[in-house]
Amino acid sequence: MDGAGREFPAGFDQEFVSQEGHRGYFGRNVLKGLVDGMEGFLEEKRRTPGFRSMGPAALCGFLWLDDPELAACLARFDNVCVVVSKQGRSARDLAKLGKLKPLADGDNGILASAFAGLTGLNWRTDGRAPVVGPGSSMADLVIPPVRTIGFRKKADLVPILHTKIVLLGEMWWHDEDGMGGVADVTGFRPERLWVGSTNGTARSRKSLEFGMWLDDPQALQAAEAFLVQLMAHSEALDPDSDLFDPELLPVEFDDYAFASYVAELTPEWDEDDGEPLV
């Protein structure tokens with residue numbers, strides 16, 4: 001231990017490989033196991049990208065993230081979204097937010113159309129869901145690389161996002177839909193999941209933590225569903241609202257406008273000869 005007695009001894013550090021071949025870690029600097037696994041995944045995808053690949057993707061849910069190595073690694077993914085718990089607005093909190101700006105301002109967000117749970121959503125306008133009519137086009141949404149969720153902590157305790165998970169996979173495209181018709185289709189293929197106790201912070205490297213990699217299909221599916229819900233209910237990095245106030249809302253369809261549009265296209269029929277009136 002150091003002179004101040006503020007460092008745990010190396011005897012806590014344990015690394016293992018499960019029967020399925022997955023690496024896991026106990027002790028200090030567990031975050032290194034996460035970053036090393038992510039870097040290895042990036043290299044793997046550089047060597048052997050999947051069919052019609054749109055690049056490697058990382059979906060993350062953390063209480064907080066400020067570790068420079070982790071942030072730099074995430075920035076190298078072609079597609080990324082990190083959802084963190086909503087932060088305060090003290091000088092210290094704003095300084096923390098500033099450290100995430102380079103990652104948050106990146107152009108490597110997540111294409112919403114790749115996930116069924118994000119389709120039919122759009123950014124709210126004046127506090128309301130956008131209204132879609134016959135002449136409207138559905139927005140091709142991109143979820144920014146860093147989002148927040150939840151309640152801003154004030155005097156009282158509030159529920160928070162407390163997960164420490166990273167789901168790695170690959171985005172893909174296709175030019176046919178499920179029925180064989182011509183269409184622009186995108187999707188996400190989950191491949192590897194990190195679970196553990198370690199937060200995405202530099203400080204966590206000195207704490208005693210746990211983390212491991214998994215590729216169990218059920219775990220991958222459940223993690224994807226959870227992370228998509230985080231994105232669907234997320235807000236900007238520093239939103240005005242102190243409350244849980246998602247910025248994405250299901251679009252509202254203007255039923256009257258659609259009915260009128262259909263009526264204009266429907267011909268009137270001659271009751272005598274059964275032919276449409278011109």
Side-chain angles (χ1 to χ4, degrees), residues 4 6 28-31 34-35 38 58-75 77 80-110 112 118 121-129 141-167 194-211 223 226-249:
R6 294 185 179 179
R28 307 167 307 165
N29 200 15
V30 167
L31 202 62
L34 169 59
V35 176
M38 293 170 63
L59 308 179
C60 314
F62 283 109
L63 173 64
W64 184 240
L65 185 153
D66 66 10
D67 184 77
E69 281 189 56
L70 177 56
C73 181
L74 286 167
F77 278 75
V80 63
C81 185
V82 182
V83 182
V84 297
S85 197
K86 186 181 290 185
Q87 302 298 301
R89 280 187 158 174
S90 67
R92 178 176 175 273
D93 291 326
L94 293 175
K96 286 170 56 180
L97 291 172
K99 293 180 180 179
L100 275 184
K101 281 286 288 178
L103 178 61
D105 291 342
D107 59 358
N108 56 337
I110 291 289
L118 297 177
L121 301 179
N122 205 341
W123 306 111
R124 68 169 183 247
T125 303
D126 297 327
R128 296 185 56 191
L141 293 183
V142 175
I143 310 299
V146 181
R147 303 287 288 166
T148 61
I149 194 169
F151 304 83
R152 186 169 281 121
K153 192 179 297 185
K154 295 284 190 175
D156 299 327
L157 294 178
V158 295
I160 59 174
L161 172 65
H162 204 254
T163 59
K164 293 93 176 178
I165 59 174
V166 176
L167 181 63
W194 170 270
V195 295
S197 67
T198 184
N199 221 346
T201 61
R203 185 176 180 180
S204 74
R205 291 181 181 267
K206 294 185 178 296
S207 298
L208 298 181
E209 305 282 3
F210 159 75
F226 175 76
L227 288 159
V228 167
Q229 285 299 303
L230 288 185
M231 291 189 288
H233 293 86
S234 67
E235 301 174 60
L237 183 58
D238 183 29
D240 290 332
S241 176
D242 294 334
L243 304 177
F244 175 60
D245 195 15
E247 291 181 332
L248 288 167
L249 297 174

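Quantities reported herein were computed from a predicted structural model and do not represent experimental measurements. Residue indices begin at 1 and follow the sequence shown.
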Can you tell if the side chain of [X] reaches within under 4.5 Å of the side chain of [Y], non-hydrogen atoms only?
X: L100; Y: W64; answer: yes
X: L65; Y: V146; answer: no
X: L141; Y: L118; answer: no

message: Suppose we screen for side-chain hydrogen bond (donor to acceptor under 3.5 Å, both in side chains). Which residues come up paired with R203, at least two apart in sequence or across chains?
response: none

Side-chain donor or acceptor of [X] paired with backbone N/O of [Y] under 3.5 Å:
X: N199; Y: F62; answer: no
X: R28; Y: S207; answer: no
X: N108; Y: F77; answer: yes
X: K86; Y: L243; answer: yes
X: K164; Y: H162; answer: yes
X: E235; Y: H233; answer: no
X: T148; Y: A236; answer: yes
X: E209; Y: L31; answer: no
X: S204; Y: T198; answer: no

Would you call [X] and [Y] a salt bridge, taking side-chain N to carboxylate O under 4.0 Å as the test?
X: D238; Y: R152; answer: yes
X: R147; Y: E247; answer: yes
X: D242; Y: R89; answer: no

message: Looking at every non-hydrogen atom in both residues, tell me the closest pair between F210 and V195 and how far apart they are.
response: CE2-O, 4.3 Å

message: Testing the basics here: between G200 and L70, what is the closest heavy-atom pair and its distance to 0.1 Å?
response: CA-CD2, 3.7 Å

